[in-house]
Each structure stands twice: as C-alpha cells, then as structure tokens.
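Only one structure is covered here, and it is reproduced in the block below.
All heavy atoms count here, side chains included; hydrogens, waters and symmetry mates do not. We name chains A, B, ... by the order of the sequence lines, and we start the count at 1 in each one.
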Amino acid sequence: MTDKKLFGVAALFDSPDSIVNAAKKIKEAGYNNFDINTPYPIHGMDDAVKAKSSKLGYITLFIGFSAAAFIMSFMWWTLAINYPLVVGGKPYFPLPAFVPITFEFTVLLGVLSTVFGMIAVAFNLPNNSHPLMDTEYMKNVSSDKYGAVIEAEDALFEEGKVKEFLKSLGGHSIELIYRPEEVKHKVFEPKFVIFLAIVAIICAGSTYITLNKLMYITPFDFMMNQKKGSAQAESSFFSDKHEMRKPVEGTVARGFMPYEFNGVADTNQFYGNPLLPTKSVLELGQRKFITFCSPCHGNYADGSSRLRSQFPPGPTLHSARVIGFSDGKIYNIITNGQNVMPSYAYQTTREERWAIVNYIRVLQRAQNPKPSDFTAISEIKKESGNVQN
Amino acid sequence: MSKIESGYIKKELPKNLGKTGLILLIAGGILSVLAYITDPARASFSYLTTFISLVCLGIGSLFLVTLEYAAGAVWSVPFRRISEFFASAVPYLLLLAIPLFFSMHNLFTWMNPEVVAQDKVLQGRMVYLNVPFFITRNVAIFLIWWLFYLLLTKNSRKQDESADQNLTTRNIKLSMAFIPVFAFSISIVSFDWMMSMTPKWFSTIFGVYLFADSTWLALAVLTLAAVLLTESGYLSPKVKRDHYYSLGTLLFAFTVFWAYIAFSQYMLQWYGNLPEEIIYFMHRWTGGWKYFSFFLVFVHFIVPFLILLPRRSKTNPKILIFVSVWIIAAQYIDSYWLVMPDMVNNGFTYSFSWMDLAFPAAAVGLVILLFNAKVKKHNLMPLGDPKLQRSFDFHL
C-alpha cells in the first residue's frame, strides 16, 4: 500500500448546514485544491467555496450561435438556392417560417453541448478512473451524506493536520484516498492485436456480405421471373429463334383485311371512298384530323402550321390541285406518305383514314362554297330558329 | 412569537418623490383634459394606450403577489409589499375607465350602426360586442380584481402585527382562486379593449400576449423599486444580490416569453395569410408602421434579452435599474403598437401627437403618488410573514 500515491483526505458530514460551514472554513483556512460532494445542489455553496462562475456558459453560447447560423444557412441553401420551392405562396426564403426550426435547433444543440461539456469536464474525459470512484466516501455522498475532500496537491496539505482539521469541523469517517495504480497497457499486446484483427475481419466481411449479397436478394421474385416466352426475346424452342410467331402463310386474321395496293400511286382506279359523309363519320374524321394532320396542315387545312417552321410546313389542302385529287389518292398519301410527309398507316386505321378524307372534303367545301350552300345554310338556320321559337 | 431581526427601519421616502409625482399628475392631468377638449377622438386613443399600460401594471403586480403565495416562493417575500403597493392602481381602474366608456364610439367601429348594417359577420358578433354587455363585464372584472386586492392586502397587513400563520394560509387559498380568474379576465379585457378595435380579427393567443406584457411590466417596476429602495437603505440590509438575481432571471424569462407569444401569433397568421387575420398585421406594416414594428422587436426583445443574458448583469444594481426603466418604456411602446395602428379602422389617420406624452406622464405621477402614500401608511416589508427569515437566508 505504501507505493500508492495519496490523492487526498475525505470526511463525511451529516447535514447541509454543517457542510456549508465546513466548506467556508476550509476556504478560509487557505486551501484551494479541495472539493465538496453532495447528493444534490446546496444553496449557498457557491458563495461558501467562492466558486468562480463556470465557463460552461460560453460553450453553450458558442454552440448555440453556431447551430443557429448553420441551420439558417442550411435551410437557405436547400430551399432557396439548390432546389427552390414555392411553399404556400411564400418567398423562397420565408424567414418567419424558419425561425421555429432555428430556435429548436439552437436549443437542442445548446442543451446537448452543455450536458456533454459538463460530463466531459466533470469526468475528466476520456479518463474514467477518478480516485474518488469506488470508495466508501463516494457511496455515502451519493446517498445521504455530505462530503469534503482536501487534495494532496494543495500547498498547505499535511496528512495529519488535515485529518485533525476535518475532525475539528465536525467531519467523521475520515478516509485516506489513494490514486489508483497507473496500469500501463502495451499497445501491441498479442491478445489486443488478435482482437483488433477479429473485429476488422468481422466488419469487412459483414460489410461485403451486406453490400454484395444481402442487398441483391429479392424477397418475392416469382412474378418477375416466370416460365414464359416474352415478346422480343430469343426463343430456344422455335427453330427461327423468334418467340413471337407469324401467322401461317396465306391466312388472314379475323376482322382484318390486308392492304392490297401497297406501292401503287393512284389507287382511285381501283376503288372509291367506302364511307358516306354521315355525322358520326365526319366527327371521327375531325377528331383524327385535329390529332394527326392539323399540326402541319393547320386546323382548317389551310397550311397554317403550328410548328413555327421547326419542320417544313405542310401545304394548304385548298389548292385547285388538291381539290382535284381523287379520294383514293388522298387516302394513298395518308397511308404511304409523300415527300417529307411520313406514313400514317400505323397511327390510323383504314376506316379512320377514309373518315379523314371525308373531313378534308368538308373543309375544302367550306372554303369554296357554292351558291346553293348559302341557301341551304339559311334554311337550316330558319328551321333551327323555328324550333327554338 | 418572536419577531425576526429584519433590520428594517420604517422611513419616509424623500419629499421630492411625492412632489415629482404630484407635479407630473397635475401637469399631465391638465394636459389630458385639454386633449379631451381639443380632439376627443385622438385623445381617447392616446388615453386607451396609457390605460392598458396601467391595467398591466396594476393587475400584473397583483398577479405577482398571488404567484408568490401560490408557488410558495420564499426569496420574493421582502419584495412582496412593493408589488402590493403597485397593485393599489387596481381600485382606480374602474374610475379611470369611465372616460373610456364615454368615448367608446371613437374607439370601436362596431359601435357604428351603419358599418354593422352592411356587415353580416359583425351582425353575428353583436351578441357579444354590444355596449351594455361590454360595460357590464368590464365593470364586473374591475370589481372582482378590486375585491381580491382588498382581501389579499388586508390579510397581508394584518400579519405585520399578529404574525399569524393562518393569514398566509388564507392568502394562499385566495391566490389559488385568483389565478384562474385572472387568466380568464385578462383575456376578456384584452379581447374587449384591443382585439375588438379590429372587430373581425381574432387571435386566441391575444390574452396570453397581454398576460406576458402585464407580468413583464409589473416585474420591471418591482425590480426598479426594489433595487432603488434596497440600494438607498429603505429595505432590510439583509436583501442580497441573490434576490436581485432572481428578479433579473424572471425579467429575462418574461422577455423571452413575450417574444415567444408575439412570434407565435405573428407566424401563424402570416403563414395562414387569411384576409380577416392578416388585416391586423397589414395595419402594422403599412404607412410607416413597418419601421415601428421592427423597432418594437428591437426594443421589446433584442435589447433586454442581450442585456439580461450574462449572469453578472442580473446582480448588478445599475444594469438592473437601467433595464427596468428600458422595459417600462418598452411596454408603453408595445401598448402604443397595439392601439394606435387601429385608428385606421375608424377612418382616422394616425399622426404623432403631444397627447401621447401627456397621458403617460399623468399615469406615472399617479403611480408615484399612490406608492408614496402607501409607504407613508404601511410597512415596506411584510414583517410578520413566517417566510421572512427563510427569505433572508436565501442563497443561490
């Protein structure tokens, strides 16, 4: 025991008043390196030991201001600079809306820094072996006693004197407290090195397995991977290696007639428009014309393109030449395309193309009306007027 | 029962104080009457501003007294009498409200039948906002406050002689009854006198806003008086810096509390941006009021916050005196901000007037005179209070 270094002499007191009195006396006697341990804060202790005001407040202040500055600039950068969002019709940087978050964050970091700062200072981190730990003295002052320690580092410290002094103040259970033996651990102790290696292997292995194996396991893949041929895939079954099958040669699908005049310029010599210009046909024609034809030829087929010369504008369909085209020729142009106009065979069905032809005829007639049309229109108007009356 | 060695010797305050109070009251009073004669509309707004600050002082001080009883506070016992003396403004509130009752038509648009006739919303609110009910409930509230004031101070004074502990028990019960009444009544007062000036505007937190203001003002006045009296030897020499520190901490707390409440009200209504709500802040944002609003944030929050933040400013008498004077002025500025921009509602245009200084001068004079008279009559410390000795022993 003699080789242990003395840390200090501790004494226990029974009441808060006696400990405050003792603290005052110890300070008055000229000791500076001493400490008082009590189970709870005691009013008047700061005054008795003439404690200097703690510097902890500056940590809180600094961290608090830093937190406020950080979170404010973070919100400003994310919501006003990097990804500007209009929220609730407010400006990109709505200061009042950011104040609560700034306040909360300031308080949070301020409090946490205070608590951790206090623990770090009081426990003398990263050390975890304060001499007072695991002593009878500490057990008592953590429950129902009040204690004072005068440390050996103090200039006035003399073991016998201090013992007598503490006794004269009313202290009892006087205890000599020694510093714990300083144990020096070798850095490269084999056990430690093996331990480190095992930790490293476990960390690396589990990281590898997680990133490369675990994360690629699909929990339910029976819908994704089915035993079936998919449309564009190579087939291992059919000799032509096509998963999609062609119709048997010489057969025709139900409800479908193949186009017989592929590549023939003027099909009018073969047949005419199979559809009558009824209301439903014209409406279908109008819908398809507006969708597919009007972007280039204009809504009224007058060549007023909406493309604003990003593409060669379509010609007017009201020229004498186009009016002179047969229905079959117009149908053929829509089907196969002409000059820069592409084929619309895939966008439109055969019936729709004939309906478009009918609708073009209506537009042409509207641009070049005959006198009889006016009388017909006025009659229709009259009739509808009568109906209204 | 043995008397406590308090070291308190009853002294009269310097004669100059009474004189100053009298001069302020007479000069301010004459100017105020003159104001009412020359421009009754403008004067009633100016008067309301001062009246609200006076309500804050009186009822806030009474609240501090009851808070001490209800919370069983020990450190504040030597200062309780000071708060009681300032609460003596409470009985005069009823008298002071009478001119306001007569000039209500200047203050409130809902008094104008033509405005109400055009407005469906206002017609619905006439159940609450009508003159007889308005006067009845306010008179009732002032009477209830008066009653509590009388009972509490009577018990407290009786204790000086008898040192009877039962009186403290009785006051604790009274305080427990008073605090809910106070919470309810100060909301009513704030809704009636200030919120109804913008009759379609509503904010449920407004009563809390006035509560924050009143407690803040009462604390500032208490701090000013307590520090001045202690430093010049009128109170017991046993009052220490630790007592000052507690006063300063409370002042600091209520500075932050006001900011919290005021900001909550502002942010919610700013975010909601509903026409009937935002109109209140539009009145305080247009016509130069924008700068006044910024000024208010600066005066009411930032400066007191920064001054009171360090520990040593809460124990330094000079700083405490400075900051309490600052807070008293700031509270008046806040009342001003609450009342004046609403002149627009009644078709008046705001401009600064000399009346805005005459009324508060008279109010300050009145408070000084009341305090002086109370000090002459009664002890400045509750000498019979059972907690007094513990209060002297108070340590941080």
Side-chain angles (χ1 to χ4, degrees), chain A residues 15-24 27 36 38 40-65 68 72 75 79 85-107 110-111 114 146, chain B residues 73-75 205 238 240-246 248-249 252-253 255-275 277-278 280-281 284-285 290 293-294 297 301-302 305-316 387 389-396:
Chain A
S15 71
D17 282 345
S18 61
I19 190 73
V20 170
N21 183 45
K24 215 180 275 177
K27 185 73 191 173
I36 309 291
T38 56
Y40 55 88
I42 288 178
H43 288 298
M45 186 55 79
D46 283 6
D47 197 35
V49 300
K50 303 212 162 33
K52 284 176 199 158
S53 70
S54 167
K55 296 278 176 286
L56 204 56
Y58 292 101
I59 297 177
T60 315
L61 191 74
F62 176 74
I63 298 288
F65 275 132
M72 199 54 118
M75 284 186 289
L79 281 164
L85 271 183
V86 175
V87 182
K90 301 296 179 207
Y92 287 133
F93 186 67
L95 187 64
F98 288 171
V99 165
I101 296 160
T102 311
F103 172 73
E104 300 290 345
F105 199 70
T106 309
V107 171
V111 167
T114 311
Y146 312 84
Chain B
V74 167
W75 65 271
I205 211 169
K238 290 184 176 175
K240 290 183 300 284
R241 293 289 153 90
D242 293 352
H243 295 86
Y244 287 0
Y245 180 82
S246 304
T249 312
F252 180 70
T255 306
V256 179
F257 181 64
W258 176 86
Y260 192 91
I261 296 303
F263 180 76
S264 303
Q265 174 177 296
Y266 169 69
M267 193 198 69
L268 288 180
Q269 306 217 326
W270 168 84
Y271 220 114
N273 208 12
L274 300 173
E277 285 180 355
I278 204 69
Y280 184 80
F281 290 103
R284 280 151 186 79
W285 197 251
K290 183 178 176 177
S293 302
F294 280 127
V297 174
F301 174 61
I302 294 173
F305 178 83
L306 290 180
I307 293 178
L308 285 169
L309 189 58
R311 184 192 171 110
R312 58 181 167 279
S313 65
K314 288 169 203 148
T315 50
N316 185 330
K387 289 189 288 185
Q389 183 55 50
R390 275 170 67 205
S391 171
F392 288 142
D393 294 340
F394 171 72
H395 275 290
L396 279 180

* Below 4.5 Å from any heavy atom of chain B, which atoms of A:Pro94 appear? Answer side chain, backbone, both or neither. => both
* Asked: Quick one: what part of A:Val20 sits under 4.5 Å from any heavy atom of chain B, side chain, backbone, both or neither?
  -> neither
Donor-acceptor table for chain A and chain B, threshold 3.5 Å:
unit_1: A:His43; atom_1: ND1; unit_2: B:His395; atom_2: O; d: 2.9
unit_1: A:Gly44; atom_1: N; unit_2: B:Leu396; atom_2: O; d: 2.9
unit_1: A:Lys90; atom_1: NZ; unit_2: B:Trp270; atom_2: O; d: 2.8

* Asked: Got more than 12 heavy atoms from elsewhere within 6.0 Å of CZ, A:Phe93?
  -> yes
* Atom of B:Met267, atom of A:Pro100 and distance for their closest heavy-atom approach -> SD-CG, 3.4 Å
